[in-house]
Structure formats: structure tokens, C-alpha cells
Visitor: 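Quick one: structure below, then a few questions.
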Amino acid sequence: DQQVKQNSPSLSVQEGRISILNCDYTNSMFDYFLWYKKYPAEGPTFLISISSIKDKNEDGRFTVFLNKSAKHLSLHIVPSQPGDSAVYFCAAREVVSSGTYKYIFGTGTRLKVLA
Amino acid sequence: KAGVTQTPRYLIKTRGQQVTLSCSPISGHRSVSWYQQTPGQGLQFLFEYFSETQRNKGNFPGRFSGRQFSNSRSEMNVSTLELGDSALYLCASTYGSGANVLTFGAGSRLTVL
């Protein structure tokens with residue numbers, strides 16, 4: 001049972017336009033959400049995160065929005081650049097026990113930014 | 001500061017064999033997690049070690065095992081390999097239990113023939 005879902009396997013966007021990547025989750029106990037970017041032959045690299053008590057976090061061209069009532073988060077990239085072409089993973093942190101956490105990842109969305 | 005180092009980067013095994021993968025975390029990081037990445041399945045959590053103790057375990061069969069050494073380096077072992085074990089195995093480290101961000105290595109690409 002996939003607790004974190006990225007329903008769009010791929011997305012193509014024109015350079016300079018906005019890229020919106022979506023993620024849905026089912027567990028209301030997740031306390032932290034993260035986005036990772038992955039290039040081929042490299043490990044995922046951390047991009048941006050948001051606490052469950054916030055609804056927006058911004059870092060340069062990247063903004064993450066969290067809608068807790070809908071159990072939905074999205075990553076906005078504005079403006080999109082060809083170097084943003086990668087696979088993006090959404091992840092959620094689950095509290096397993098006091099001081100112990102587990103990270104659940106989505107299946108990823110492949111973003112292609114067209115020059 | 002060196003990143004997370006995984007060895008080997010690529011390996012080919014045949015069904016029935018066993019394999020050991022190694023992960024050296026960032027210096028000072030005490031938590032090491034392992035993930036399996038396959039097409040369409042994303043990153044599936046295998047297990048996490050902290051101070052040489054397994055704290056969390058994902059839903060994988062007992063053929064998948066791991067351990068952590070006193071210097072925080074970790075190994076994972078897969079015995080009796082199956083074709084479906086072909087995947088990218090990723091290791092990630094964090095400083096401690098409260099850390100929010102996992103730092104990943106480049107992964108070990110396992111192909112089972």
C-alpha cells in the first residue's frame with residue numbers, strides 16, 4: 001500500500017515556465033515532507049522540505065505547498081531551467097517511536113524542461 | 001567533507017548467489033538507511049541502523065540483511081539472489097534520529113542474471 005503517491009510519472013515543461021509536481025499521501029501522522037532531485041547515475045539530493053505545521057516554504061526558484069486537509073503537497077519551480085530536468089521524489093517522515101523516524105518515498109516524477 | 005560513499009558502484013551476479021554492498025556515511029553521521037530503487041516502485045525502505053543497532057526495518061524478506069560497525073560504516077547483504085533483486089541500492093546517512101534530511105550516496109547498481 002503506497003502511502004506516498006506521485007501519480008504523474010513524467011512531466012514536460014517549456015524553459016522559463018512553471019513546473020508543478022504533485023504528491024499525495026494517506027498517513028495524517030507524517031510530520032515532515034521533503035523533495036529530492038535525482039540525476040542519472042547519482043544519488044538523490046535534497047531540494048526543499050516543509051514541516052507539517054507550515055503550509056508553504058520557499059527557497060529561491062523552489063516553493064513547496066502543503067495542504068493538510070487534502071493530504072497533498074506540490075513543488076513549484078519558477079522559472080524552469082533545462083538543468084532542472086531530473087527525477088523528483090516526494091518523501092514523508094513517519095514517527096516510528098520516540099526519536100525514531102522512517103522516510104517513505106513516492107515513485108518519482110521525471111521532469112523534462114525543454115529549451 | 002566527503003559525502004556518502006557506496007561500493008561497488010556496479011556489479012553483476014547470477015541467481016542463487018549472494019552479494020554484500022558497503023556504505024561509508026558522512027563523517028560524524030551515526031544513522032545509515034538503505035533503500036532499493038526499481039522502475040515504477042520508487043525508493044523502498046530496507047532498514048536503518050543507528051549506533052550499530054537496527055532501529056527500523058521495511059517489508060523485505062529475510063534474505064535482505066544488514067549491519068553497522070562501530071565506525072558507522074554499514075553493509076547490506078542479499079542472499080540467494082533472485083532476478084527481481086536487480087535494482088539500484090541506495091544508502092543514506094544522517095547525523096542522528098532527529099535529523100530531517102537524508103544524504104544519499106550514488107548507489108550500487110546490482111544486476112542479477
Side-chain angles (χ1 to χ4, degrees), chain A residues 1-10 21-25 27 30-54 57 59 64 66 86-110, chain B residues 2-10 21 23-26 29-51 53-60 87-111:
Chain A
D1 181 32
Q2 197 76 22
Q3 295 189 70
V4 178
K5 298 178 183 179
Q6 294 177 257
N7 293 316
S8 299
S10 64
L21 294 92
N22 294 305
C23 179
D24 296 298
Y25 62 95
N27 188 342
F30 288 144
D31 72 336
Y32 212 80
F33 302 89
L34 308 92
W35 284 94
Y36 280 81
K37 179 170 71 174
K38 186 180 185 301
Y39 294 117
E42 296 181 14
T45 55
F46 170 73
L47 196 56
I48 192 169
S49 62
I50 187 167
S51 165
S52 61
I53 63 173
K54 301 273 181 77
N57 187 27
D59 183 3
V64 56
L66 176 61
V87 177
Y88 289 78
F89 290 99
C90 166
R93 191 176 78 168
E94 176 184 8
V95 179
V96 176
S97 63
S98 177
T100 304
Y101 303 93
K102 190 162 80 172
Y103 294 81
I104 313 294
F105 283 79
T107 53
T109 297
R110 182 177 301 277
Chain B
V4 178
T5 304
Q6 291 188 246
T7 57
R9 289 293 311 278
Y10 303 92
L21 308 177
C23 172
S24 294
I26 289 174
H29 282 194
R30 297 164 62 193
S31 169
V32 173
S33 301
W34 288 88
Y35 291 82
Q36 181 196 64
Q37 185 192 359
T38 53
Q41 291 296 315
L43 276 69
Q44 302 282 306
F45 173 72
L46 281 154
F47 27 66
E48 185 220 355
Y49 287 87
F50 181 81
S51 292
T53 301
Q54 186 183 89
R55 291 202 301 192
N56 279 313
K57 192 175 189 309
N59 297 322
F60 279 81
L88 179 68
Y89 290 88
L90 292 160
C91 165
S93 73
T94 63
Y95 174 75
S97 59
N100 296 332
V101 176
L102 300 171
T103 302
F104 283 89
S108 293
R109 170 77 61 186
L110 170 65
T111 301

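Every chain is numbered from 1 and lettered A, B, ... according to where its sequence line falls, protein lines coming before strand lines.
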Visitor: Would a 4.5 Å heavy-atom cut-off, applied to side chains only, mark A:I104 and B:F45 as touching?
Guide: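 A:I104 does not reach B:F45 side chain to side chain.
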Visitor: Give, for atom CD of A:E42 and atom CZ of B:F104, the distance between the pair rounded to the nearest 0.5 Å.
Guide: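 Output value for this atom pair is 13.5 Å.
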Visitor: Is it true that a side-chain atom of A:Y36 and a backbone atom of B:L102 form a donor plus acceptor pair closer than 3.5 Å?
Guide: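 Side chain of A:Y36 to backbone of B:L102, a donor-acceptor pair under 3.5 Å: yes, one is there.
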Visitor: Quick check on the 6.0 Å ring-centre criterion: do B:Y35 and A:Y103 meet it?
Guide: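 Ring centres of A:Y103 and B:Y35 not closer than 6.0 Å.
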Visitor: Checking A:K54 now: which residues fulfil side-chain contact (heavy atoms from CB on, under 4.5 Å) with it, not counting sequence neighbours?
Guide: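 Once residues adjacent in sequence are excluded, the partners of A:K54 under the side-chain contact (heavy atoms from CB on, under 4.5 Å) criterion are A:I50, A:S51.
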Visitor: Give, as side chain, backbone, both or neither, the part of B:L90 having an atom under 4.5 angstrom from any heavy atom of chain A.
Guide: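 Interface part for B:L90: side chain.
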Visitor: So, taking the atom named CZ in A:F105 and the one named CD in B:Q37, what distance separates them when rounded to the nearest 0.5 Å?
Guide: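 Rounded to the nearest 0.5 Å, the CZ-CD separation comes out at 10.0 Å.
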Visitor: Could I get the full list of side-chain hydrogen bond (donor to acceptor under 3.5 Å, both in side chains) partners for A:S49, not counting sequence neighbours?
Guide: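 By the side-chain hydrogen bond (donor to acceptor under 3.5 Å, both in side chains) rule, A:S49 matches A:Y32.
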Visitor: Kindly indicate whether the side chain of B:R55, heavy atoms from C-beta on, has any atom under 4.5 Å from the side chain of A:K102.
Guide: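 With C-beta onward as the side chain, the pair stays apart.
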Visitor: Can you tell which part of B:Q6 gets under 4.5 Å to a heavy atom of chain A, answering side chain, backbone, both or neither?
Guide: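 Neither part; nothing is under 4.5 Å.
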Visitor: For B:L88, which atoms come within 4.5 Å of any heavy atom of chain A: side chain, backbone, both, or neither?
Guide: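 For B:L88, the side chain is the part near chain A, not the backbone.
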Visitor: Is the backbone N or O of A:V96 less than 3.5 Å from a side-chain atom of B:N56, with the two atoms forming a donor-acceptor pair by type?
Guide: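 No: the side chain of B:N56 does not pair with the backbone of A:V96.
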Visitor: Could you tell me whether the side chain of B:R109 and the main chain of A:A41 form a donor-acceptor pair under 3.5 Å?
Guide: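 Not confirmed, B:R109 side chain does not pair with A:A41 backbone.
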